[in-house]
Number of protein chains: 2
Amino acid sequence: MNMNEIAKIAGVSNATVSRAFRTPEKVRPELKEKIFKIAAENHYVYNASAADLKRRVSNTVGVLFQQRIGAVFSKTFMAIQETLLEKNISVIIGHTQFKPEVESQLLQQFLERQVAGIILSGFTKENKTLIKKFSSQGIPSVIIWEILKGSDFNYVGIDNHNAAFKATEYLIGLGHRRIGLLIGPYQKMERIQNRYDGYKDALTKNKIEIDQSIVISSELGFLQGKEAMHRLLKAADRPSAVFAASDYLAMGALKAIKEAGMKVPKDISLMGLDDAEFAAYCDPPLSTVRGPAREIGKIAAKILLEIKDEPGLPPKQYCLDSDLIIRDSCAPHF
Amino acid sequence: MNMNEIAKIAGVSNATVSRAFRTPEKVRPELKEKIFKIAAENHYVYNASAADLKRRVSNTVGVLFQQRIGAVFSKTFMAIQETLLEKNISVIIGHTQFKPEVESQLLQQFLERQVAGIILSGFTKENKTLIKKFSSQGIPSVIIWEILKGSDFNYVGIDNHNAAFKATEYLIGLGHRRIGLLIGPYQKMERIQNRYDGYKDALTKNKIEIDQSIVISSELGFLQGKEAMHRLLKAADRPSAVFAASDYLAMGALKAIKEAGMKVPKDISLMGLDDAEFAAYCDPPLSTVRGPAREIGKIAAKILLEIKDEPGLPPKQYCLDSDLIIRDSCAPHF
DNA sequence: AAAAATTATGTATACGTATACATTTGGATA
DNA sequence: TATCCAAATGTATACGTATACATAATTTTT
């Protein structure tokens, strides 16, 4: 059952049937109803593959994540999908697990499926080349959760440097001078690098020397945070505060501190970043920095929709505010 | 640039080019290399839409989630994608937000995109009809995280009744007789209903009367768990233990208990279900029941691949074991 | 009421691939 | 060397839609 058969039954041409589905305003109401009725009676299913082929682009957007869809990205992703669903656009998703070959394979899939656009969480040197490949094919892309000042990419995210800077200055403002850092894989992820820099710049601005012995980089995760914190606790001249540049690391650190028989914030202050869903519910509730996760997804999706309607516009770049969320995990230090 | 043009340059027929890509073993090695070389030089991109149209099925699987991709589903989803990636199958994803109209729209998308199969997390009366629509079109479906004994659906999940039963009996075994229940929206989700039943059957088997006043149903979430627990704490004849049939509810409950100035497990025992990622890291670490989240995703994907190769097999049904995870949130009661 | 402008519908074809069927090639067998 | 068989390649077409262009029907304008 296809449009031709419906056309035959309805006594109209296939063009009219096609119009009834894609541009209903161009078909006389009664005729349209008749066509829909026949379609329904015959269990007709619109064939998107055929339409995609003919139109040379699919009603589909590819979303690429580097890591697991965790507490934060989940919200962004939901917003992306909800926004695109309004235009009946499907979402193809892929996570790269940080593996360049997986990343290539997924982007190749997107290309072959004629996606109308791509959304990339995170920016890597590898995918820079790949993104160019998309734009050379006229496929718009948006990078999320990352700010790429001075580039001509579309992006929407928070200023990670500033978020980490704010968090660090908050601790300094509480009187802390010796502040440890738990940081993710900054070599692999631009935004983690930015957070690292934000921490360093905050210390420098306040004339505090950076001590690499209380900076620990690890993968993102509870376990990694716990292990890193245990190492920090063993350090000579233990820090009075720790900034974990991801709530996952912070939650793991929290556990390590408790295991060592100490209390947060009495014995040590702990600051997170991301405002993961569990941050408000751990004990003590974690002070952190929150980015507008849903907003980011929504804007990213809208950017794609706008470019679709009007290609060739200058790059759209959004740097959204992040908010310091003060809870109970940091105390003054004298 | 398409296969015809490549064929022209290579001096072969388009059929040979097509074979070089889809069934490379049918093309002489040197010729194949030549074709690939020309394709690469001309930045050729395989057009999946055209192939989908011709083959009348796409290299795509649709995955439908009811709720946010949280701590547990995330793992399942990752496993699905990894498994399908091996066969270069793309994943279209959608979450229904429990809205029947969204569910219909997404499934309609899947249908129109000629998906090779669908994976559904959760089973509802609404989607039962829709699933039938898929099978009538010859599209296989797998339901995950749900056991549908006696049906002819493909499914892979844990026995939710048994998981809740185990958890409840564990508390009873510790001497608790008055056990509160925090339960999700059991009217909407079959597996939550099963958990509810598991709780009730465990009590009944142990000759404990069910007291509706200490059973609270709410949406799934930290906040909802906290609020429900606060209500439970105000109850006359407060329970000595609470079974939260989702770790999200349990984590919220934990907070409520602390806010009330009580300690877990000294003053009240708390049992979760799901083994969400944060369960091991909250304070105290939460005793819970763990289902094989990755395994479920992996098997679901494999079922689809098997059916693809050999349609018409009897339904594949997997009921996987769940494990009681004893941590520190439950204490004996005398 | 005729002409013009607008709207609705029809005709015909292309999108790029997969594959049934036909043909050729190359090597093995007798 | 003639015959046969398998492997490699070619020919031709269909998959179902969208749309440019042509035409017919309807409304608006004069």
Side-chain angles (χ1 to χ4, degrees), chain A residues 1-36 38-39 42-60 88 90 108-109 111-116 137-138 308, chain B residues 1-36 38-39 42-60 88 90 108-109 111-116 137-138 308:
Chain A
M1 178 55 50
N2 57 30
M3 288 189 180
N4 292 309
E5 298 198 40
I6 294 176
K8 215 173 290 173
I9 298 173
V12 299
S13 74
N14 65 332
T16 301
V17 177
S18 176
R19 289 188 191 104
F21 283 99
R22 275 202 76 79
T23 47
E25 71 281 4
K26 292 187 180 172
V27 178
R28 196 159 36 91
E30 316 98 79
L31 183 50
K32 199 163 51 186
E33 289 314 315
K34 183 178 174 190
I35 289 170
F36 289 159
I38 293 172
N42 293 279
H43 307 103
Y44 166 71
V45 176
Y46 179 89
N47 187 322
S49 300
D52 291 350
L53 170 59
K54 180 63 191 170
R55 305 188 54 239
R56 317 179 80 141
V57 57
S58 81
N59 238 309
T60 290
N88 206 32
S90 299
Q108 182 68 26
Q109 278 188 1
L111 226 37
E112 296 183 354
R113 298 222 151 275
Q114 323 276 97
V115 293
Q137 307 254 348
K308 202 177 107 181
Chain B
M1 178 55 51
N2 57 30
M3 288 190 180
N4 291 310
E5 298 197 40
I6 293 176
K8 216 172 289 172
I9 298 173
V12 299
S13 74
N14 65 333
T16 301
V17 178
S18 176
R19 288 187 192 106
F21 284 98
R22 276 202 75 80
T23 47
E25 71 281 3
K26 289 187 181 172
V27 179
R28 197 160 35 90
E30 316 98 80
L31 183 52
K32 198 163 51 187
E33 290 314 315
K34 184 178 173 189
I35 289 170
F36 289 159
I38 293 173
N42 292 278
H43 307 104
Y44 167 71
V45 177
Y46 180 89
N47 188 321
S49 301
D52 291 349
L53 169 60
K54 179 64 192 172
R55 304 186 56 237
R56 316 178 78 134
V57 57
S58 82
N59 237 308
T60 290
N88 207 31
S90 299
Q108 183 67 26
Q109 279 188 0
L111 225 38
E112 296 184 353
R113 298 221 151 276
Q114 324 277 97
V115 294
Q137 307 254 350
K308 202 178 107 180

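Here the structure is a predicted model, which means the values were calculated and not measured.
Heavy-atom distances to DNA chain D give each of B:V12 and B:A50 a nearest nucleotide, and the one nearer the 5′ end belongs to B:V12.
Residue-level contact check: A:V17 touches neither bases nor backbone, having no heavy atom under 4.0 Å from any strand. B:R19 comes within 4.0 angstrom of a nucleotide base, judged by non-hydrogen atoms across all strands. Across all strands shown, B:F21 has no heavy atoms under 4.0 Å from either base or sugar-phosphate atoms. Within 4.0 Å of A:T16, counting heavy atoms only, lie sugar-phosphate atoms of the nucleic acid but no base atom.
Within residues 51-58 of chain A, the residues having any heavy atom under 4.0 Å from DNA chain D are, by residue number, A:A51, A:K54, A:R55.
B:S90 and A:R113 are linked by a side-chain donor-acceptor pair at a separation below 3.5 angstrom, with hydrogens and angles left out of the test.
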**Item:** Working for side chain to side chain contact (heavy atoms under 4.5 Å, CB included), residues A:D52 and B:D52
**Value:** CA-CA 10 Å; A:D52 291 350; B:D52 291 349; over 6 Å; no
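Remark: B:N4 engages B:N14 in a side-chain hydrogen bond (donor to acceptor under 3.5 Å, both in side chains) (not counting sequence neighbours). Remark: A:E30 engages A:R28 in a salt bridge (charged side-chain N to carboxylate O under 4.0 Å, His left out) (not counting sequence neighbours). Under the rule for a salt bridge (charged side-chain N to carboxylate O under 4.0 Å, His left out), B:R22 has no partner lying at least two apart in sequence or in another chain. Judged as a side-chain contact (heavy atoms from CB on, under 4.5 Å), and not counting sequence neighbours, the contacts of B:S18 are B:M3. Applying the side-chain contact (heavy atoms from CB on, under 4.5 Å) criterion to B:Q114, with sequence neighbours excluded, gives A:N47, A:S49, B:S58. In this structure, the side-chain contact (heavy atoms from CB on, under 4.5 Å) partners of B:K308, at least two apart in sequence or on a different chain, are B:N59, B:I89. Residues satisfying the side-chain contact (heavy atoms from CB on, under 4.5 Å) criterion with B:K32, sequence neighbours excluded, are B:A20, B:P24, B:V27, B:F36. In terms of the side-chain hydrogen bond (donor to acceptor under 3.5 Å, both in side chains) criterion, B:E5 has no residue partners (sequence neighbours excluded).
Rounded to an integer number of Å, the gap from B:L31 CG to D:dA7 P is 17 Å. The NZ-P distance, from B:K26 to D:dA6, rounds to 15 Å in whole Å.
Where the helix from C:dA1-D:dT30 to C:dA30-D:dT1 starts and where it ends, the local axes point in directions that differ by 20°; five pairs per end, rounded to 10°.
Between atom OH of residue B:Y44 and atom CE of residue B:M1 there is a gap of 10.0 Å, rounded to the nearest 0.5 Å.
Shortest non-hydrogen contact noted between B:A7 and B:S13 is CB-C, 3.6 Å. The two residues A:K26 and A:R19 make their nearest non-hydrogen contact at CB-CD, 4.4 Å.
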**Request:** Using a 4.0 Å heavy-atom cut-off, write out nucleotides 23-28 of chain D from 5' to 3' as B (base contacted by protein), S (sugar-phosphate only) or - (no contact).
**Result:** ------
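Taking a heavy-atom distance under 4.0 Å as the criterion, the stretch of DNA chain C touched by chain B extends 5' to 3' from C:dG16 to C:dA20.
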